[in-house]
Q: 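Quick one: the structure is below, and I'll ask about it shortly.
Counting starts at 1 for both ligands and their atoms, following the listed order.
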Amino acid sequence: VSSLNAVEGSINSPLHRFVRAKKKINQSFDEILDYLKESRRFLIDCEISNQYDGETKRDLKKVDNYLTQVVGIHEVLKRDHMKVAFFGRTSNGKSTVINAMLSERILPAGIGHTTNCFLSVNGADGNDAYIEDTSKNPPERNSVESLQQLAHALHNQKLDSSSHLKVYWPTTKCPLLKDDVVFVDSPGVDVTPDLDTWIDTHCLDADVFVLVVNSESTINHTEKSFFHKVNSKLSKPNIFILNNRWDASAEGDPEMIKLVKQQHMERTSEFLVKELKCVSQAESADRIFFVSALETLRHRMSMKRSKMPQREPSIDENSDFDEAAYRMGKMARRQEFEDFENKFKECISKSAITTKFNGHTSTGITIAKEMVQIMEQILARASSHRSWCTAERQEQQETLDFINSKLEEVTEQIKNKIQNITEEVEMQVTKAMSD
Ligand code: GDP
């Protein structure tokens with residue numbers, strides 16, 4: 001039942017829209033490819049039988065160009081996925097947010113595990129996890145069985161901050177990976193990066209950016225300048241801001257907490273709305289969240305372990321500590337994390353369908369239309385050739401009929417002439433005999 005629920009959950013997920021769209025567009029390009037191959041064979045046959053020579057050669061060249069184009073698009077489409085990239089200062093909790101979304105400790109997080117290069121988490125079909133170093137040629141693959149092994153492998157890799165290490169994790173373990181989402185963790189923006197190279201190499205194809213900020217401090221100049229650069233290269237990037245570690249900030253006087261939250265909200269929304277101008281004021285509320293990635297991760301891991309909904313322990317009535325409020329806070333933060341995920345899924349699926357498939361769809365339609373036109377022209381040429389043949393045959397028939405009638409006429413004349421001669425000769429003979 002639980003696996004059926006998981007499948008159903010995945011099918012109803014907004015992410016599945018992308019998966020379905022990808023399947024559909026791949027099928028359409030499969031059909032276009034078959035059609036082009038068939039047309040090519042037909043045109044070659046026409047060329048061999050020397051029909052409509054010049055035009056056939058020109059059409060064949062066009063079809064060959066379309067074939068190359070479609071094979072290329074097909075390859076790109078097969079590899080297409082939704083990409084979400086996480087940015088922020090070191091230790092703000094980027095790796096923990098990714099782990100929480102995947103409900104598993106995949107990326108090493110915490111002291112000594114600073115992400116020092118770009119690290120993506122991709123879905124793998126089999127049961128084995130492995131890492132691929134794309135800076136090597138050909139890319140090097142190493143299997144990893146545990147988080148410790150991955151941490152060790154990452155520690156041993158001597159990579160600069162713009163290198164890219166791909167972690168492949170079995171999709172059976174993480175539904176989000178099955179739905180074609182790729183997570184990209186980045187080195188902290190405070191690690192004196194060459195921001196332009198980062199953006200050009202890793203960000204231009206990202207569908208969503210998540211800025212993970214530490215809610216104990218405030219969004220700073222480096223974080224802002226990074227997104228200003230992203231904004232200048234991509235029109236209206238989809239940016240979410242997670243005020244992480246909200247558990248640590250949300251302790252103490254409730255009035256004070258409310259004030260701090262309001263302050264963060266105002267600053268981050270001003271950044272998105274007025275500085276980057278990538279969302280409206282109304283939309284900004286769906287882009288800014290106050291979460292605790294660590295609490296969400298812990299909760300999801302314990303749910304996974306027990307495979308049963310966790311019941312909160314009962315409240316100790318005599319305790320000074322306000323447990324009820326504490327628990328309410330925790331639940332609210334988990335709920336907010338889920339709200340973020342729901343908005344994120346809607347946004348990434350919509351954006352990826354538009355950016356990844358729109359261009360290819362119109363190219364596919366243009367090629368299909370052009371092919372119909374080519375085939376219609378061939379049909380027109382064939383039927384005009386047929387009517388030319390018919391006219392030619394008719395003309396030949398008329399000539400034949402004329403010759404026949406002429407022949408008949410001449411034959412008749414000859415017959416008459418012979419008749420006349422015979423009669424003349426008979427007369428001459430009869431006259432001679434009577435003389
Ligand atoms: P990164 O460098 O941005 O990837 O940060 P990490 O994910 O490695 O997190 C740095 C440290 O912050 C780790 O020790 C995490 O356990 C801790 N951490 C991450 N998220 C939270 C959170 O929401 N609350 C608290 N209290 N700690 C967190």
Q: Is Asp185 close to ligand 1, meaning an N/O of one under 3.5 Å from an N/O of the other?
A: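 No; the residue has no nitrogen or oxygen that sits under 3.5 Å from a nitrogen or oxygen of the ligand.
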
Q: Given the side-chain rings of Trp198 and Phe118, with only the six-membered ring counted for Trp, is the space between their centroids under 6.0 Å?
A: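 Between Trp198 and Phe118, the centre distance is under 6.0 Å.
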
Q: Step by step, would you call Phe357 with Lys24 a side chain to side chain contact (heavy atoms under 4.5 Å, CB included)?
A: CA-CA 11 Å; Phe357 302 150; Lys24 189 93 200 142; over 6 Å; no

Q: Between OG of Ser249 and CG of Asn214, what distance do you get to the nearest 0.5 Å?
A: 7.0 Å

Q: Should Ala293 be listed as contacting ligand 1, given a heavy-atom distance under 4.0 Å as the test?
A: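 Checking ligand 1 against Ala293, which is what was asked, there is a heavy-atom contact under 4.0 Å.
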
Q: Could an N or O of ligand 1 be found under 3.5 Å from any N or O of Ser91, whether backbone or side chain?
A: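 Yes; at least one N/O pair falls below 3.5 Å.
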
Q: Quick check on contacts: which atoms of ligand 1 are under 4.0 angstrom from a heavy atom of Ser95?
A: 4 (O), 7 (O)

Q: Using the side chain to side chain contact (heavy atoms under 4.5 Å, CB included) rule, take Val76 and His360 through it: C-alpha gap first, then chi angles, then the decisive distance, then the call.
A: CA-CA 10 Å; Val76 171; His360 294 324; 4.0 Å; yes

Q: State whether the shortest distance between N or O atoms of Trp246 and N or O atoms of ligand 1 falls below 3.5 angstrom.
A: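 Such a contact does not occur with ligand 1.
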
Q: Could you tell me if Lys261 sits above the aromatic ring of Phe290, with its cationic atom closer than 6.0 Å to the ring centre and no more than 45 degrees from the axis?
A: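 Yes, Lys261 lies over the aromatic ring of Phe290.
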
Q: Will you find, in the side chains of Glu132 and Asn122, an N or O donor that is under 3.5 Å from an N or O acceptor?
A: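 No donor-acceptor contact under 3.5 Å links the two side chains.
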
Q: Nearest non-hydrogen contact with atom 25 (C) of ligand 1 belongs to which option: Leu297, Leu107, Asp247?
A: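 Of the listed residues, Asp247 has the closest heavy atom.
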
Q: Ignoring hydrogens, just give me the one of Gly93, Ser292, Ser186, Gly88 whose non-hydrogen atom is nearest atom 5 (O) of ligand 1.
A: Gly93

Q: Do Gln69 and Asn65 have side-chain atoms, one donor and one acceptor, less than 3.5 Å apart?
A: no

Q: Pull out every atom of ligand 1 sitting under 4.0 Å from any heavy atom of Lys94, numbered as shown with elements.
A: 1 (P), 2 (O), 3 (O), 4 (O), 5 (O), 7 (O)

Q: For Thr96, take its heavy atoms, then give the atoms of ligand 1 lying under 4.0 Å from any of them.
A: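 Matching atoms, with element in brackets: 6 (P), 7 (O), 9 (O), 15 (C), 19 (C), 20 (N).
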
Q: Look only at interatomic distance and state if Glu295 has a nitrogen or oxygen under 3.5 Å from any nitrogen or oxygen of ligand 1.
A: no

